[in-house]
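Note that the coordinates shown come from a computational prediction; the quantities given were computed from them, not determined experimentally. Worth knowing before you read on, the calculation uses all heavy atoms, side chains too, and leaves out hydrogens, waters and symmetry mates.
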Amino acid sequence: MGRKAAPEVNAGSMADIAFLLLIFFLVTTTIETDQGINRKLPPIDDTQQEQDVVIKEKNILQVLVNKNDQLLVKDELVQLSDLKEKAVAFLDNGGDGSCAYCKGNRDPESSDNPDKAIISLQNDAETSYGTYIAVQNELVAAYYELRDRECLKKYGVTFREMEALFEDPTTPSEKVEKITPKIEDIQAMYPQKLSEAEPKKSN
């Protein structure tokens with residue numbers, strides 16, 4: 001008895017199926033993107049370009065990170081865990097009495113008000129990346145702690161929650177329009193003035 005011939009597989013449509021699968025995975029796959037540190041530069045003011053801006057030393061909180069990942073805040077050795085508390089005390093000081101919502105010590109030797117308070121950060125060229133990010137996180141967390149406090153008091157919700165709602169693409173545009181002035185109001189109360197100097201080279 002003769003052998004039966006094996007049935008032929010029609011491979012004509014395989015290319016079409018592979019192409020459809022490729023399109024499916026391209027459309028449904030989400031590609032993760034690295035998110036950098038959020039910093040906004042102040043707008044250029046042509047009227048003040050040629051004028052020297054004088055900033056009082058007491059309105060600048062100098063944070064230095066050396067090559068051994070040690071922190072110096074105003075020439076005082078500080079642990080990373082204490083950095084946020086130091087930054088909050090500086091930003092919320094209200095030394096000149098113009099800040100009605102500040103709850104700081106009103107130390108005349110510290111910052112006048114949140115609008116004038118600047119945090120200046122300088123790293124050593126050999127500072128580890130982990131410490132660099134950790135210091136940035138603590139300083140930004142100081143701003144958010146104060147913004148959360150005032151936002152909760154004024155609007156009954158934390159600033160982080162309001163900001164998350166604002167940035168959520170599913171939030172209706174009508175709600176975004178209502179949130180926007182509130183966010184700007186809180187940001188104006190504690191503007192994020194975080195200056196980063198060029199890294200210092202170790203000798």
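Between the CZ atom of Phe24 and the CG atom of Leu26 there is a distance of 11.0 Å, given to the nearest 0.5 Å. Atom CZ of Phe90 sits about 13.5 Å away from atom CG of Asn105, to the nearest 0.5 Å. Rounding to the nearest 0.5 Å places SG of Cys151 at 3.5 Å from CE of Met162. Note that the CD1 atom of Ile60 and the OG atom of Ser120 stand 6.5 Å from one another [nearest 0.5 Å]. Here Leu83 contributes atom CG and Leu121 contributes atom CG; the two are 8.5 Å apart, rounded to the nearest 0.5 Å.
The backbone N or O of Met189 sits less than 3.5 Å from a side-chain atom of Tyr101, completing a donor-acceptor pair. Formation of a donor-acceptor pair under 3.5 Å by the Asn68 side chain with backbone atoms of Gln70 is not found in this model. Within the 3.5 Å criterion, the main-chain N or O of Gly95 finds no donor-acceptor partner in the side chain of Arg106. Side-chain atoms of Lys84 do not come within 3.5 Å of backbone N or O of Leu139 as any donor-acceptor pair. Of the possible donor and acceptor atoms, none in the side chain of Asn59 sits under 3.5 Å from a partner among the backbone N and O of Ser110.
Here the side chains of Gln62 and Val73 are not in contact, with every heavy-atom distance at 4.5 Å or above. Counting only heavy atoms from C-beta outward, the side chains of Leu91 and Leu146 approach each other to under 4.5 Å. Using a 4.5 Å cut-off on side-chain heavy atoms (C-beta onward), Asp148 and Arg160 make contact. Using a 4.5 Å heavy-atom threshold, the side chains of Gln122 and Val65 count as separate. Using a 4.5 Å cut-off on side-chain heavy atoms (C-beta onward), Asp69 and Thr127 make contact. Side-chain contact between Thr180 and Glu184 is present, with heavy atoms from C-beta onward closer than 4.5 Å. Put simply, the side chain of Leu64 does not reach to within 4.5 Å of the side chain of Leu71, judged on heavy atoms.
The hydrophobic cluster containing Tyr144 also contains Val157, counting ILVMFWY residues as joined when their side-chain heavy atoms lie under 4.5 angstrom apart, directly or transitively. In terms of hydrophobic clustering, with Ile, Leu, Val, Met, Phe, Trp and Tyr side chains grouped at heavy-atom distances under 4.5 Å, Val176 and Phe159 are assigned to a common cluster. No continuous path of hydrophobic side-chain contacts links Val135 to Leu77 [ILVMFWY only; heavy atoms under 4.5 Å].
Defined by atom type and a distance below 3.5 Å, a donor-acceptor pair is missing between the side-chain atoms of Glu150 and Tyr155. Side-chain contact of Asp96 with Asn113: a donor-acceptor pair under 3.5 Å is present, judged by distance alone. Tyr143 and Gln187 form no side-chain donor-acceptor contact under 3.5 Å, judged by distance and modelled atom types alone. For the residue pair Asp115 and Tyr190, no side-chain donor N or O sits within less than 3.5 Å of a side-chain acceptor on the partner. For the residue pair Gln136 / Glu196, a side-chain donor-acceptor distance below 3.5 Å is found, with atom types taken as modelled. Side chains of Glu161 and Thr158: a donor on one and an acceptor on the other come within 3.5 Å.
Scored by the ring pair (Phe, Tyr, Trp, His ring centres under 6.0 Å) test, Phe166 finds no partners at all (sequence neighbours excluded). Partners of Cys99 according to the disulfide bond (SG atoms under 2.5 Å apart) rule, which considers only residues two or more places apart in sequence or in another chain, are Cys102.
When the shell of 6.0 Å around CG of Asp75 is examined, it contains 12 or fewer heavy atoms from other residues, nucleotides or ligands. Under a cut-off of 6.0 angstrom, the local environment of CD in Gln79 is sparse, with at most 12 non-hydrogen atoms contributed by other residues, nucleotides or ligands. In Lys56, the NZ atom is not crowded: 12 or fewer heavy atoms of neighbouring residues, nucleotides or ligands sit closer than 6.0 Å. Other residues, nucleotides and ligands place no more than 12 heavy atoms under 6.0 Å from the NZ atom of Lys178.
Between Lys58 and Glu109, the closest heavy-atom pair is CB-O, 3.3 Å. Nearest heavy-atom pair across Asp124 and Glu126 is OD1-N, 2.9 Å. Scanning both residues, Ile183 and Glu163, for their nearest heavy atoms gives CD1-CA, 4.1 Å. Shown here for Leu165 and Thr171, the closest heavy-atom pair between the two residues is O-OG1, 2.6 Å.
Between Asp92 and Arg149, at least one side-chain nitrogen of the basic residue sits less than 4.0 Å from a carboxylate oxygen of the acidic one, meeting the salt-bridge criterion.
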Begin from the C-alpha positions of Lys86 and Glu76 and carry the test salt bridge (Lys or Arg N to Asp or Glu O under 4.0 Å) through to its verdict. CA-CA 11 Å; Lys86 292 268 184 189; Glu76 179 189 341; 3.6 Å; yes
Between Arg147 and Gln192, is the side-chain contact (heavy atoms from CB on, under 4.5 Å) condition met? List the steps. CA-CA 10 Å; Arg147 288 175 175 181; Gln192 187 173 303; 3.7 Å; yes
